[in-house]
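Owing to the predicted nature of the structure, the values given are computational and were not obtained by experimental measurement. Per chain, numbering begins at 1; letters A, B, ... match sequence-line order.
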Number of protein chains: 4
Amino acid sequence: MPVSQAQPRWQRRADARPQELLDAALAEFVERGYAATRLEEVARRAGVAKATLYLYYENKLELFKAVVRHSLVAAFDELAKEQRDAATSARAQLTKLLAAFVHRVAESPLSGLPKLVIAEASNFPDVARFYHDEMIRRGREVFTGVLERGIASGEFRAVDVDHAWRIVIAPLLLSIIWKHSFAAFEAAPLDFERHLDAHLDLLFNGLATDRRKRIRR
Amino acid sequence: MPVSQAQPRWQRRADARPQELLDAALAEFVERGYAATRLEEVARRAGVAKATLYLYYENKLELFKAVVRHSLVAAFDELAKEQRDAATSARAQLTKLLAAFVHRVAESPLSGLPKLVIAEASNFPDVARFYHDEMIRRGREVFTGVLERGIASGEFRAVDVDHAWRIVIAPLLLSIIWKHSFAAFEAAPLDFERHLDAHLDLLFNGLATDRRKRIRR
Amino acid sequence: MPVSQAQPRWQRRADARPQELLDAALAEFVERGYAATRLEEVARRAGVAKATLYLYYENKLELFKAVVRHSLVAAFDELAKEQRDAATSARAQLTKLLAAFVHRVAESPLSGLPKLVIAEASNFPDVARFYHDEMIRRGREVFTGVLERGIASGEFRAVDVDHAWRIVIAPLLLSIIWKHSFAAFEAAPLDFERHLDAHLDLLFNGLATDRRKRIRR
Amino acid sequence: MPVSQAQPRWQRRADARPQELLDAALAEFVERGYAATRLEEVARRAGVAKATLYLYYENKLELFKAVVRHSLVAAFDELAKEQRDAATSARAQLTKLLAAFVHRVAESPLSGLPKLVIAEASNFPDVARFYHDEMIRRGREVFTGVLERGIASGEFRAVDVDHAWRIVIAPLLLSIIWKHSFAAFEAAPLDFERHLDAHLDLLFNGLATDRRKRIRR
DNA sequence: GATGAATGAGCCTTCATTCAT
DNA sequence: GATGAATGAAGGCTCATTCAT
């Protein structure tokens, strides 16, 4: 297998940089969007001077990219902690995947990443493409994999996997978007746990009544 | 009949103008976000001079609010066309609602609205609150209403309605976000029709195998 | 005597124009200054549309010049009503002149003119020069004339006429500037009558009690 | 000793800056008025970039206010250098006050302040009120004080002090307004010294020769 | 002649970026 | 390495001016 000739578009360079800067920048970017984020604010939040940012990142765009790249890697790392042993049932595995997403991503600052990328996708297509190629593609692989395994094993019905994988994660993705957009206007914060339960219940059992209902997970 | 030699420098279109401006502004705001949208561009897209915008809207923020307000109303109008007759089954009604959302919102420029509001929620909390109070609250009412009716009538299982309503719309909402963010990077554009079918299938029947499978709608 | 070859810098053209426009413009220019005056406001005050102004004046500057020119002429007309018969004493004549200034200029809208010209002198040197050459020069002539006549006749002491004329009008000029600048902050409006009396008293009799103190400070 | 080849793009002068900016701004504001003054010009005159102004003053209006405030204080400081010892005669003291005004204010850049405030009074009432309350009120107090003392001691006639104080300063105030408005159009610049002499002469001795004419006009 | 609608040019203000210490 | 000070390059907004009716 030949080594790719081209320079990787995303170097690892900045990953050694202070975590504080990236944390501050992620928070600001998520809260305000790329354009409305002022480096002054990022710096203040990180407790450094504005000019200091330039010691670590060439410019605002590079900082932005580093934030996305770094958060992406962090998200992977978090999810990877959940070893996907193929020994268990597809249903158990799917449950585990979704739970991991909730516990390790949705409830952490990393949850801002999807919102950020979505909001800036048309302004920074290469960032969106990067996210798409790295995160979404892998997500799709993982989820379609489980679905197909379940179908093959007879655990799952023969659903339209190409679309089902999106439907499976949609409620969770949407919940983190919710959290970053409308949380302030709701009486009580969204209960991720119950939300996940409700999703799994619907997902496995469907909405329509059936006399031979399965036991909740 | 002699053709006038000179093009008039501009047209007088006081009536059509507001709509044209809102259309242009919606497109730009959705594409770039509030901060990165230049009024120059909005104006160019609408075919007017920048200053003309100020004849109709006091400033950028007011234009933004008008866009959201107007799009919201337009979305309602679209959805209202689908009369929700309580005569039919809850299932048929839910199906109709979701189909209406796909056909009348997701596939129109109005589909940009959710993405826009989500992206700018923390920058403009009052806009987000407005959207939340007007759109989301009503959406919740409609969907929880159908769910409760279905449960009451025995059509649906006794699911956790407070969460289920979100899960029911999540795949559709996400699909329009998708369309505005990652469409460019996918081989084929998302097929809303198949997506809806897949969702309805999963929603009503669940993922897990069941011998007494219901008929697809 | 040859006719002047050059075009007069200030035509009489606009003097036939609606008085309303000039009145409105004078008021606005005096109140806000040239730059801060919006033609929109002038038009509104005159009860016409902005574009209508352009039917009468080429542009803002021409309107401004017309206002100054017209007000100047009006001021002259007012003052000319006071026939200066050389039969009376210099003192009576001087008194009459100052009284006329108070009653015909200071207490009319024309009082805004000096303030206006002063404020805009460096922005529009030709306007200032015009005012200087027309108004001030004539004022100087009139007042130095009276002073010299009084000195010649023995009514007045042999004062430094070149400076005295300014001193003679200073309190009145300043009073109208006052009126247009600080009137709002004073408990009672300036009583022009008493002010004039006080001035005349001081002017003719001096401040010091001892009539034999002729030593310079 | 080698000369540095390149001029530094800018100097670091945080200490001197504010004063330089205020000086430049005062000059421009006096020359053009608030509205017509472009910050670009102020900056150029001060030798800095436009944006630098914003490091020291929030916006144009704040700069304007700072200019007025600062000039006012500076004027006070100048005048305060003239200790007003009550030991001398009222006449000597009045003379001293007026001379101080001429030498320390009229002949300095501070002389532009009254013209500036007068011109912008109706645009910025709070600035005018500030000037009125700080400068004018104190001026009135000082001058009426001296007049009353002189009257009490028998040095001065019993004049109408409420109006006399204005008359006493009017020629000097007007002279500085003159200087900033019409100086360019006169053959010779106004000789402040002679002007002051002429004023004092008239002020103390009056215009009329006959010391027994007490009949009111 | 009058005016509502439209616009081009200009200025204030912000902010990413750079320089000097 | 860190930062306060400075700036150039936008972009929002205003307004004198012009066009079409």
Checklist entry - Among residues 44-54 of chain C, which contact DNA chain F at a heavy-atom distance under 4.0 Å? => result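 C:K50, C:A51, C:Y54 - these, ordered by number, are the residues of the stretch whose heavy atoms sit under 4.0 Å from the strand.
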
Suppose we screen for side-chain hydrogen bond (donor to acceptor under 3.5 Å, both in side chains). Which residues come up paired with [X], at least two apart in sequence or across chains?
X      : value
B:E134 : B:R138
C:S71  : none
D:N123 : none

Please name all residues satisfying side chain to side chain contact (heavy atoms under 4.5 Å, CB included) with [X], sequence neighbours left out, ordered by chain then number.
X      : result
B:A66  : B:L22, B:Y57, B:R69
A:H132 : A:I136, B:F182, B:F185, B:E186
A:A119 : B:A119

Checklist entry - Is there any salt bridge (Lys or Arg N to Asp or Glu O under 4.0 Å) pair reaching into residues 29-43 of chain B, and which pairs are they, with sequence neighbours excluded? => result B:E28-B:R32, B:E31-B:R45, B:E40-B:K50, B:E41-B:R44

Item to check | Pairs where residues 109-132 of chain B contributes a residue and the test salt bridge (Lys or Arg N to Asp or Glu O under 4.0 Å) is met, not counting sequence neighbours | outcome: B:K65-B:D126

Give the rounded distance in Å between these two atoms: [atom1] of [X] and [atom2] of [N].
X     : N      : atom1 : atom2 : result
D:Y57 : E:dT13 : OH    : C1'   : 17 Å
D:L63 : E:dC12 : CG    : P     : 11 Å
D:E28 : E:dC12 : CD    : P     : 11 Å
A:K60 : E:dT14 : NZ    : C1'   : 11 Å
D:L61 : E:dT13 : CG    : C1'   : 14 Å
A:L21 : F:dG1  : CG    : P     : 14 Å
B:F64 : F:dG12 : CZ    : P     : 14 Å

Checklist outcome for this item: So, with a heavy-atom separation below 4.0 Å from DNA chain E, the residues of residues 30-42 of chain B are none

Next on the checklist: Under 4.0 Å from OP1 or OP2 of F:dA5: is there any side-chain N or O of D:Y56 that close?
Outcome noted: no

Next on the checklist: Is there a side-chain contact between C:F29 and C:V68 in this structure, where contact means two heavy atoms from C-beta onward sitting under 4.5 Å apart?
Outcome noted: no

Checklist entry - Taking only Watson-Crick and G-U wobble pairs with both distances under 3.5 Å, what dot-bracket line describes DNA chain E, where [ ] shows pairs that cross earlier ones and | shows pairs with another strand? => result .||||||||||||||||||||

Checklist entry - Considering only side-chain heavy atoms of C:L55, which listed nucleotide, E:dA2, F:dA16, E:dC12, is closest? => result E:dA2

Checklist entry - Is there a side chain to side chain contact (heavy atoms under 4.5 Å, CB included) between C:F64 and C:L61 once you walk through the steps? => result CA-CA 5 Å; C:F64 178 67; C:L61 184 53; 4.2 Å; yes

Item to check | With sequence neighbours excluded, residues passing ring-ring contact (aromatic ring centres under 6.0 Å, His included) with C:Y54 | outcome: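 Partners of C:Y54 by the ring-ring contact (aromatic ring centres under 6.0 Å, His included) criterion come out as none, since no residue qualifies.
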
